[in-house]
Every structure is written in structure tokens, then in C-alpha cells.
Peer 1: 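Please read through the structure below; I'll follow up with questions.
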Amino acid sequence: METLINPTKSLNPSLPRTALSLNSQTHLLLRSTFRFRPQKVTPSISPCNSQIRTLPFTVSCKLGTSRDGNIKNKDQNVSKKIMLSEVAPPPLTEDGGGDGNGAAPAKQKGGVFGAVKRFPRRVLTVLSNLGLAIGEMAAVAALMALGTIIEQGEAPAYYFEKYPEDNPILGFFNWKWILTLGFDHMFSSPVFLGLLFLLGTSLMACTYTTQIPIVKVARRWKFLSSSEAIRKQEFSDSLPSASIKDLGVILMGAGYEVFLKGPSLYAFKGLSGRFAPIGVHIAMLLIMGGGTFSATGSFRGSVTVPQGLNFVVGDVLGPLGFLSKPTDAFNTEVHVNKFYMDYYDGGEVSQFHTDLSLYNIDGKEVLRKTISVNDPLRFDGITIYQTDWSISALQVLKDGEGPFNLAMAPLQLNGGDKKLFGTFLPFTDADSTQVKGISMLARDLQSVVLYDQEGKFVGVRRPNSKLPIEIDGKKIEILDAIGSSGLDLKTDPGVPIVYAGFGALMLTTCISYLSHSQIWALQDGTTLFIGGKTNRAKAEFSSEVNRLLDRVPEIVDNSPPEQSNSVTSV
């Protein structure tokens, strides 16, 4: 016997809860008819032994799915049989947690393997943080400024004296900080190189996580299929009588890339502006990489060579870092053919020059050039700069004898940056135990000042003037003043990389100012809906689109007018 249960009545509360699982992605409207078959129960003689037995149900449900706002589906009637479970429901809360609704706590997926797999993504997120990158750049700039204040490449004794421990700068900064952190060679110190490496990884992480996805999105052709979506753009307008094909032709003439798909249009220009940030990051990496290569893979050296002598490049150059590797050019021999100076009208030195010849290992001259300040010699990765000068010797005749080469020594002056060199021509006197002679001083290669044995001024002579001067009964003639050229030599393999980085930085910075503009259009009958947006110069973009829309021709109805059926009598 079957009994119909009114679905509006509640079931017996002693019945167990029922867990329903409905596989549907939309909301389900439940219209149910319940039927059950009760089993006959024979009561026991003793009421204490009576038992309450659950009744098995067969439930027939009609399920209706609601319609999505954008997807129209036909109504379907789904018939399912659901057996009510006789198992007692779980408690509201269980040991070990839960959500308070009887659900088991969510487990962390993946475990240790999942955490290891997610670790690179978390590291990339931290490294691409804008605040961290700005802090790294500020720290690098601060160290570079500090490297220009602290003298670089000096001997430890210099820092002991300049930054004493008993009188530290700012109360704590002394020579220990400089030598321990390597600030005496700042641009190759581990602290500076470590910060550069960290900044480089931040730039690469930002490029990977932010800039590349932006470019990928910008390159997609995206059509809008509803006028509401077009009206939501930064710029929107509509033309009541216009053709989408006419708009496409006008946009192509304005430099846009145009794509048509049925009644929809998508156009863009300035996509290179989206690539510019990636180019800026690459340029900065080139600059930092080239600078690091220069700091760790270069050679430096200085030498003062008298006119007429020579030296070997490898004997002068010394490595700066662990990447410094000598080349075959280090065997080149440099010969100083001549050293001379130019002077102002007042007698001051204006410029000095050195005529150099380079010889290979076989003794063959491979290059000759006269260098000067700001005009160096470059050969096979080696650069020779003119940086200093001195006077090495005087050639004199004494009573027609000689010539004698008298070495010149630099003299310490009280203040000022002017140079002064001196030498001494001794006189032999058998009756005297003291060494006496003539003193000669020169501040350049133009003139020599002479003093007698008592230190009194005697006169001035120009080298090679062939005009002798008599001092204490001796005739002295100045034949020549031999100058010495002060040269700086270096190899810098990172310079081409740095130059390429700065060139790319200037180019990509200019490209970054190009606007990436996008325009969408939709043909709805004779009405044309237009919308667009840009990432830069928004006011100019709006004016440009308005000018382009003014050029779109209007559709004119050329159909003949309908004739009236009425007859007019005259």
C-alpha cells in the first residue's frame, strides 16, 4: 500500500539526515514528490522492548536549471532516484578542527613537494617587489657616492693615517670599515657586487612576472561583441549611419593594425611601447653587467718613462679582479720617441705630447702615434693615456767637456700644485772636505735657473741655446732638458657592453613614450559603436579618435521614395 506524503509537512525528526549530491553548475529548483512504502511492525509484548525502525524511501525529484544571463539553455527535466541514508550524520565538529558545519578540514595540497614547487614563485614575487628594487638602487647609488669620496687603490698605510681609529668619522667610521668591507676598491668589493647582483635579479624577476605577461596580453586580438562592453571603455561614441569597413580603412590610414571579424573590429598601434619597459630592463642589465666585468676583469698600471727609453706592457699592467686574464698584446713593447710640451703666452704649460711606437714580440713596429691629454692610443684592447709629465735629466757641458747627464729630482714646495725640479753639478776641490757645486732648478722644459756654490743666483739659460754661462770660473752650457712622460695603461673589456647598454637605454626610453592605443567597434544595423583606450596621452588620444570619426562617411539611403496611391485631380 502506497501513501502520498505532503511535501510541505516536515519529516520525522528522528529520521537520519540525508546528504544530497547534485551534479549541476547552476542553481537547482527542486519540485519533488515523495512516496514511501511503510513496513509492517509487530509490537513486542513489553513496551520496553519496542523498537523504532527507519523507513526506506524512494524519492522521485524533478530538477530544473535556471538560465544564465548570457547563455540560453533549454529547460530540462532531470529524474533521479536518491536513497536516504540510514547512517547517522557526522557531528557538527570533529576532533582536529573543521569549519563548524560538519565538513572535514581542508588539507594542504601537495605537502612538502608542493611547498618546494611553490618556492620559486614566492621568491619571484619577493624579488619583483617595487619597493625592494627602489631600495636596492638607492643602496647602489649610496655606495657609488661613497666610492668617489674614499680614495681608491691606496696602500693600507694611507688609510691608517687618513682614517685613524682614535678619531673616527661620524664616531664610528675608520680604516677598519674600509679595509674589511673592501671600500678601498669599492667597485669590485663583494658588498657592491652583491647589491648589483640582487638588483639584476629583481629586474629579471619584474620582467618575467610583470612585463612579459603585459606584452602577451597586448598582442592578443580581442573583439567585443556587445555595445555595453564598448561603452565601458575610456573613450566611447556612436555613429548612427556608418559602416565598420569605412572605419577600418580610415584607421589603417592613421597607422593602426586593423582586424575584422563579422560585425566586430579591433585595431591597435604603438605595440612597441609595451616592449619598451623590457628593453629598459635589458639595457640596465647590460650596463651593470659591463660595469661588473670591468671591475673584475680589467688590468691597470702607471709608468713614467724618460724620452728615448721603452717598457713592456705586461710589466706595467696589474690585474684588478678574479676575471682578469692577460692577452698576447701584453708582450708589446712601447718606445717613447719624443716628449714635448705646449705653453701659453704667460709661460704656463697648456698641453704635453708623447710620440710612441709599439713593437711586437718580433721587434716589428706595428703602430706609431703621438698622444696627448684626452687623445689616447688604443691597441688590441689596451689603452694608453697621457696623464702626467716630469723632467728626468739635464745635459750640460762643463768647460767644453761632456755632455754630462744630471738626473733631476722633484722638489717639495710649500703649497700649490706647481712643479719644480732640481739637480746639482759638483766641483772637486782637493783642499776642501765639503762638496760644493752649481745648483740648477727648472719648472718646465723652457728654462733653467743656475746658482753658484754659495747659493747665489747667477742667471737663466734656455736648453739648446748654445749660450754658456760662467760660474765660479767654470763655463756651463745647457744642451737639453730631457722630459719624462707619465702614462696610464688599462684594459677594460666591459666598456663595449656598457656603451651598448647606454645606447639601448636611450633608445628604449624614447620608445616607452609611444602610446599603446586600442580601438573597438561594433556594427549594429546602421549604427556603429566605437570605443577605445590608451596607456599614455589620454587627452590626445580622445582628440585623435574624434578627428578620425569625423572622416567616416555617412551612409545615405538611395532607395526611391514610395509613390502615393491617391489621385489628385486638377
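Please read all numbers here as calculations on a predicted model, not as lab measurements.
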Peer 1: If you count every heavy atom of other residues, nucleotides or ligands that lies below 6.0 Å from Tyr513 atom OH, does the total exceed 12?
Peer 2: no
Peer 1: Below 4.5 Å, heavy atoms only, C-beta onward: do Met440 and Ile476 meet side chain to side chain?
Peer 2: yes
Peer 1: Does Asp362 offer a backbone N or O that forms a donor-acceptor pair with the side chain of Asn360 under 3.5 Å?
Peer 2: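 Side chain of Asn360 to backbone of Asp362: a pair is present.
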Peer 1: So does Ser128 get a backbone contact from the side chain of Ser202, meaning a donor-acceptor N/O pair under 3.5 Å?
Peer 2: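 Such a contact is absent between Ser202 side chain and Ser128 backbone.
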Peer 1: What pairs of donor and acceptor atoms, side-chain ones from residues 493-505 against any protein atom, are under 3.5 angstrom apart with sequence neighbours left out?
Peer 2:
none

Peer 1: Any cation-pi pair here, Lys419 with Phe421, using under 6.0 Å and within 45°?
Peer 2: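 Not satisfied by the 6.0 Å and 45° rule.
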Peer 1: Taking atom CG of Leu203 and atom CE of Met288, what is their separation to the nearest 0.5 Å?
Peer 2: 5.0 Å
Peer 1: Return the CD1 to OG1 distance between Ile391 and Thr423, rounded to the nearest 0.5 Å.
Peer 2: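 The distance works out to 11.0 Å.
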Peer 1: Side chains of Ser485 and Gln386: donor-acceptor distance under 3.5 Å anywhere?
Peer 2: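 A donor-acceptor contact under 3.5 Å links the two side chains.
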Peer 1: Decide yes or no for Trp389 and Leu445: does some side-chain heavy atom of the first lie under 4.5 Å from some side-chain heavy atom of the second?
Peer 2: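 They are not in contact (no side-chain heavy atoms under 4.5 Å apart), so the answer is no.
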Peer 1: Counting only heavy atoms not in Met341 (residues, nucleotides, ligands), do more than 12 fall under 6.0 Å from its CE?
Peer 2: yes
Peer 1: Looking at CZ of Phe187 and OG1 of Thr292, how far apart are the two atoms once the value is rounded to the nearest 0.5 Å?
Peer 2: 11.5 Å
Peer 1: Name the residue from Asn337, Ile384, Val305 that meets the side-chain contact (heavy atoms from CB on, under 4.5 Å) definition with Leu356.
Peer 2: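 Testing Leu356 for a side-chain contact (heavy atoms from CB on, under 4.5 Å) against Asn337, Ile384, Val305 leaves exactly one candidate, Ile384.
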Peer 1: The test is side-chain hydrogen bond (donor to acceptor under 3.5 Å, both in side chains); show your working for Ser294 and Asp492 and say whether it passes.
Peer 2: CA-CA 5 Å; Ser294 294; Asp492 202 339; 2.3 Å; yes
Peer 1: Which pairs count as ring-ring contact (aromatic ring centres under 6.0 Å, His included) when at least one residue sits in residues 274-299, sequence neighbours excluded?
Peer 2: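 As it turns out, the ring-ring contact (aromatic ring centres under 6.0 Å, His included) pairs with a partner in residues 274-299, which skip direct neighbours, are Phe299-Phe330.
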Peer 1: Does one side chain, of Gln446 or Tyr343, offer a donor that lies under 3.5 Å from an acceptor on the other?
Peer 2: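 Result is no, nothing qualifies.
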Peer 1: Output side-chain donor-acceptor pairs under 3.5 Å for residues 173-180, partner residues at least two apart or in another chain, one line each.
Peer 2:
unit_1: Asn174; atom_1: OD1; unit_2: Lys176; atom_2: N; d: 3.0
unit_1: Lys176; atom_1: NZ; unit_2: Glu165; atom_2: OE2; d: 2.8
unit_1: Trp177; atom_1: NE1; unit_2: Phe172; atom_2: O; d: 3.0
unit_1: Thr180; atom_1: OG1; unit_2: Lys176; atom_2: O; d: 2.6

Peer 1: Is atom CG of Asp328 surrounded by more than 12 heavy atoms (other residues, nucleotides or ligands) closer than 6.0 Å?
Peer 2: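 It does not: Asp328 CG has 12 such atoms or fewer within range.
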Peer 1: Is any side-chain heavy atom of Leu127 closer than 4.5 Å to a side-chain heavy atom of Tyr208?
Peer 2: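 Side-chain contact under 4.5 Å: no.
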Peer 1: Short question: side chain of Thr207, backbone of Ile278 - any donor-acceptor pair under 3.5 Å?
Peer 2: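 Checked: no pair found.
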Peer 1: So with a 6.0 Å cut-off around NZ of Lys338, is the heavy-atom count from everything else above 12?
Peer 2: no
Peer 1: Using atom types as modelled and distance alone, determine if a side-chain donor or acceptor of Gln395 lies under 3.5 Å from a backbone N or O of Ile482.
Peer 2: no
Peer 1: Judged by modelled atom types alone, do Tyr159 and Glu154 share a side-chain donor-acceptor pair under 3.5 Å?
Peer 2: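 On atom types as modelled, these side chains do not qualify, holding no pair under 3.5 Å.
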Peer 1: Between His335 and Tyr359, how do the two ring planes meet: parallel, tilted or perpendicular, split at 30° and 60°?
Peer 2: perpendicular
